[in-house]
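Order of listing sets the numbers, starting from 1, for every ligand and every atom in it.
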Amino acid sequence: MSASEQCIHGQVLASYGSHALVDCEDGENRECSIKGKRLRPVAGDRVSITLADNGGAVIAHIHERESELARQSGGGRHAQVLAANLDTLVVVIAPEPWPEPGIVDRYLAAAEHLGLQALIVLNKIDLTADEEPDWLSEFETLGYGVFRTSAERGTGLDALRARLARHTASLVGQSGVGKSSLLNRLMGEAIARTGEISDRSGEGRHTTTTAFLHRLPGQPGGLIDSPGVRDYHLPPVPPERVPFLFREIREAGSGCRFNNCRHRNEPGCAVMDAVDAGAIAQRRYRSFLRLLEQMETIGERNPGLFPR
Ligand SMILES: Nc1nc2c(ncn2[C@@H]2O[C@H](COP(=O)(O)OP(=O)(O)OP(=O)(O)O)[C@@H](O)[C@H]2O)c(=O)[nH]1
Ligand SMILES: [Zn+2]
């Protein structure tokens, strides 16, 4: 750093590969370039920036992440980080058609893996008079909060807004479930301002290729809007960790005879007993087995990926 350079801190609102929009501690949002080729900032990253006399701003350092939301890439071998330093995962679903609940299991498993709080939002409740599927109440029984909303009609938003206050939460879910609509409603007028800022950088807010951290006025934290996906798969997780990513399996598993029980065919397995007794839902158990097998396959195909 030369004498004329100054260092300040900030948080990345959005990253566009070669540059990023950063909310700086002096209250300004700056478009920054990125030093070197190795730094890959994502929305939510806390960064150090050097400011040059000519007004140029460069991200020089990414601070250690408290959490990172990632998805599988590279045929399962790699993790693509979507956002950093979030504390809450909001899994948005909608009826018509109801999703395959396995995607919700996988998002919730990711949240458990990361130590994030997790909740489910059922949006578009104005669309259906159908009874809710059983799996939704099963999630509630497990302790995951379910919020029922209509972004279109403005229903259920106060409760959700109160739940998310002062948190840094990422809204995730399939394309078209209403994540952006919810975000607009939750943010109220603030969103227009965020939009202007990102448009100035030449990247519209609706560039759905990158996650964007939206600040809630007068609050720490914010809401991270990430591009919709067709499906979600967890980045590589060591298979022996998978039983800990399903709450009820983690709990029941403490009663298994072997402490490295994978709850598949081991003798004295308390998880299989609980499934037989109806205390653990068959559907969730099958979902657990699928995730376990997926991670075992990734491990077999990539020797050394999960060090012993
Ligand atoms: N009926 C009804 N329609 C809604 C509701 N919320 C959103 N929509 C509509 O659903 C469509 C998709 O909404 P978006 O907010 O763009 O969905 P998204 O999840 O952000 O989609 P991606 O950006 O593709 O991930 C739009 O036509 C919205 O108007 C709702 O509560 N009820
Ligand atoms: Zn077991």
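- Taking CD from Gln11 and CG from Asp23, the interatomic distance works out to 7.0 Å, rounded to the nearest 0.5 Å.
- Counting heavy atoms only, Lys124 comes closest to atom 11 (C) of ligand 1 of the residues Glu152, Lys124, Arg185.
- Residue contact check: Asn123 has heavy atoms under 4.0 Å from atoms 5 (C), 6 (N), 31 (O) of ligand 1.
- The parts of Val177 lying near ligand 1 are both backbone and side chain, judged by heavy-atom distances below 4.0 Å.
- A donor-acceptor contact closer than 3.5 angstrom links the side chains of Gln117 and Arg163.
- Relative to atom 14 (P) of ligand 1, the option among Ser226, Ala151, Ser181 with the closest non-hydrogen atom is Ser181.
- Other residues, nucleotides and ligands contribute at most 12 non-hydrogen atoms within 6.0 Å of the CZ atom of Arg40.
- Between Phe288 and His263, the ring-plane angle classifies as tilted under the 30° and 60° cut-offs.
- With hydrogens and angles ignored, the 3.5 Å screen pairs a side-chain donor or acceptor of Arg161 with a backbone N or O of Arg185.
- Between Leu245 atom CG and Arg250 atom CZ the span is 8.0 Å, to the nearest 0.5 Å.
- Every atom of ligand 1 is numbered from 1 in the order shown, and the set under 4.0 Å from a heavy atom of Ser150 is 31 (O).
- Within the protein, the number of N, O or S atoms lying under 2.8 Å from the Zn ion (ligand 2) is 4.
- Note: an N/O pair closer than 3.5 Å links Gly178 and ligand 1 by distance alone.
- Set against the non-hydrogen atoms of Leu127, the atoms of ligand 1 under 4.0 Å away are 1 (N).
- Annotation: Thr149 places no N or O atom under 3.5 Å from an N or O atom of ligand 1; distance criterion only.
- In this structure, a donor-acceptor pair under 3.5 Å is present between the side chains of Thr149 and Asn123.
- Between the CG atom of Leu223 and the NE2 atom of His167 there is a distance of 11.0 Å, given to the nearest 0.5 Å.
- No cation-pi contact links Arg241 to Phe306, judged by a cut-off of 6.0 Å to the six-membered ring centre and 45° from its axis.
- No more than 12 heavy-atom neighbours from other residues, nucleotides or ligands sit within 6.0 angstrom of CG on Asn259.
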